[in-house]
Amino acid sequence: PKHIFGAIPPANFSLSSYNLEPLGSGPYKLKSISKRKDGFISEYRLTVNEHYYQTLPFLKNISVVFFENEADVLSAMKEKRIDGFGSASPVSFFSQIPEKMEIQEIPMSRYYAVFFNQNVSPALKNASVRSALRDAIDKKRIISEVFGGRLAKPIESPIISLEGDVSLNLPETETASATIAKFKKRNGDFSLNLIVPKIDFLEKTAEIIKQNWEAVGAEEVNIVSLSPEDIFENVIKTNNYEILLFGNVLEKPKDLFSFWH
């Protein structure tokens, strides 16, 4: 609201207590915050906003609990200190969930893709080579081996469809191999560098992509695993990569502004 933030310089927004104690016209209002001495917020407690302009919600109180890692989340769930959680890493984490716990899968408007930087690689300037690398990737195998066959769906464009399944194109290894062989005959050796975040399911995905590309003719696919922080600061901001396996979240599945921006 203007009467709260109007006199605060934008640079000070994150330092203002109002930033941690939001005001709004939604169905809930802030009741209290639990915060450690180091500034880490451990819990937000919300209660019904009696001035809400529509029908009041049925849940009177909601607590949003924050954890520093997924191990603490799972421990809290097993000890019944929380009623649910969301947005966890799909591989190692879900394998640890007891069978008696219910898992509800909600589609999210995020996807992971291989990004080619044509400015640093002569090979990637070649549209046929890029198409060959795309066609060689075995998405069916990735979904089966990395995501257990159910925690991910294939996409064939930057526009995500959350309704129904997308038809899965099978890898075209023969065509891809012929294209790579033709390129190597004219240009010599063909090696690639693939940067991937140190996240278990992405690293496993990168290993399958490496095998796919080497199977169609790449002499070597060098996988470089970096922390997400390193990738943000030293790879994406500076465009310092040849090929990058990374995720993208679209607030609206058909709005590509964030992707192109």
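Given the structure is predicted, the values throughout are model-derived calculations rather than measurements.
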NZ/Lys210: more than 12 non-hydrogen atoms of other groups inside 6.0 Å:
yes

Residue pair Thr179 / Asp135, side-chain heavy-atom distance below 4.5 Å
no

Between Pro228 and Pro197, which heavy-atom pair has the shortest distance, and what is it?
CG-CB, 4.4 Å

Value rounded to 0.5 Å, distance of CD in Glu172 from OG in Ser177:
11.5 Å

Tell me, do Ser191 and Asn222 make a side-chain contact under 4.5 Å, heavy atoms counted?
no

Quick check on the 6.0 Å ring-centre criterion: do Phe13 and Phe5 meet it?
yes

Using the rule that Ile, Leu, Val, Met, Phe, Trp and Tyr join whenever any side-chain heavy atoms are under 4.5 Å apart, tell me whether Ile62 and Val73 fall into a single cluster.
no

Nearest heavy-atom approach of Asn19 to Ser14 is ND2-CA, 3.8 Å

When you measure from the side chain of Asn49 to the backbone of Lys29, do you find a donor-acceptor pair of N or O atoms at a distance under 3.5 Å?
no

Between Tyr44 and Ile82, is there shared hydrophobic-cluster membership here, with clusters defined by ILVMFWY side-chain heavy atoms closer than 4.5 Å?
no

More than 12 heavy atoms of other residues, nucleotides or ligands under 6.0 Å from CD of Glu174: yes or no?
no

Distance, nearest 0.5 Å, that separates OG1 of Thr205 from CZ of Arg141
10.5 Å

Just how far is it from atom CG of Asn248 to atom CZ of Arg110, taken to the nearest 0.5 Å?
11.5 Å

So how far is it from Glu70 CD to Met77 CE, rounded to the nearest 0.5 Å?
14.0 Å

Of Phe201, Phe147, Phe246, the residue whose pairing with Tyr112 passes ring-ring contact (aromatic ring centres under 6.0 Å, His included):
Phe201

So Trp213 and Phe116, would you call those rings parallel, tilted or perpendicular, with 30° and 60° as cut-offs?
tilted

CD of Glu203 to CD1 of Ile223, rounded to nearest 0.5 Å, is 8.5 Å

Got Ile143 and Lys153 here, is their nearest side-chain heavy-atom distance under 4.5 Å?
no

Could you pull out the closest heavy-atom pair between Lys139 and Pro154, with the gap in Å?
CD-CB, 4.4 Å

Nearest heavy-atom contact between Ala132 and Ala176 is O-CB, 3.4 Å

Validation row, ring centre Phe66 to ring centre Phe40 under 6.0 Å:
no

Close side-chain approach of Ser34 and Arg45, heavy atoms under 4.5 Å:
yes

Lys237 side chain vs Phe232 backbone, donor-acceptor pair below 3.5 Å
no

So Leu46 and Leu30, do their side chains get closer than 4.5 Å, heavy atoms only?
yes

Taking the side chain as C-beta and beyond, is there a heavy-atom pair between Ile41 and Leu20 under 4.5 Å?
yes

Verify the neighbour count for atom CZ of Arg81: are there more than 12 heavy atoms of other residues, nucleotides or ligands below 6.0 Å?
yes

Does the side chain of Ile231 come within less than 4.5 Å of Tyr241's, by heavy atoms?
no

By the definition side-chain contact (heavy atoms from CB on, under 4.5 Å), identify the one residue from Val235, Asn240, Leu245 that meets it with Ile195.
Val235

Counting only heavy atoms not in Asn12, do more than 12 fall under 6.0 Å of its CG?
yes

Verdict with supporting geometry, Ile137 and Ile142, side chain to side chain contact (heavy atoms under 4.5 Å, CB included)
CA-CA 9 Å; Ile137 295 176; Ile142 292 172; 3.9 Å; yes

State yes or no: are the ring centers of Phe67 and Phe85 separated by less than 6.0 Å?
no

Between Ile243 and Phe183, is there a shared hydrophobic cluster once you connect ILVMFWY residues whose side-chain heavy atoms come closer than 4.5 Å?
yes

Would you say the side chain of Lys184 lies within less than 4.5 Å of the side chain of Glu219, judging by non-hydrogen atoms?
yes

Quick one: do Val129 and Val120 end up in the same hydrophobic cluster if we chain Ile, Leu, Val, Met, Phe, Trp and Tyr together by side-chain heavy atoms under 4.5 Å apart?
no

Which heavy atom of Tyr28 sits nearest a heavy atom of Pro57, and at what distance?
OH-CB, 3.4 Å

Yes or no on side chain to side chain contact (heavy atoms under 4.5 Å, CB included) for Glu145 and Glu207, after CA distance, side-chain angles and deciding distance?
CA-CA 11 Å; Glu145 295 184 11; Glu207 285 294 335; over 6 Å; no

Per side-chain contact (heavy atoms from CB on, under 4.5 Å), Asn212 is matched among Val221, Thr173, Asp138 by Asp138

Between Leu59 and Leu56, is there a shared hydrophobic cluster once you connect ILVMFWY residues whose side-chain heavy atoms come closer than 4.5 Å?
yes

How long is the straight-line distance from CD1 of Ile236 back to CG of Asn117, given to the nearest 0.5 Å?
11.5 Å

For Glu242 and Leu192, which heavy atoms make the closest approach, and how far apart are they?
OE2-CA, 3.2 Å

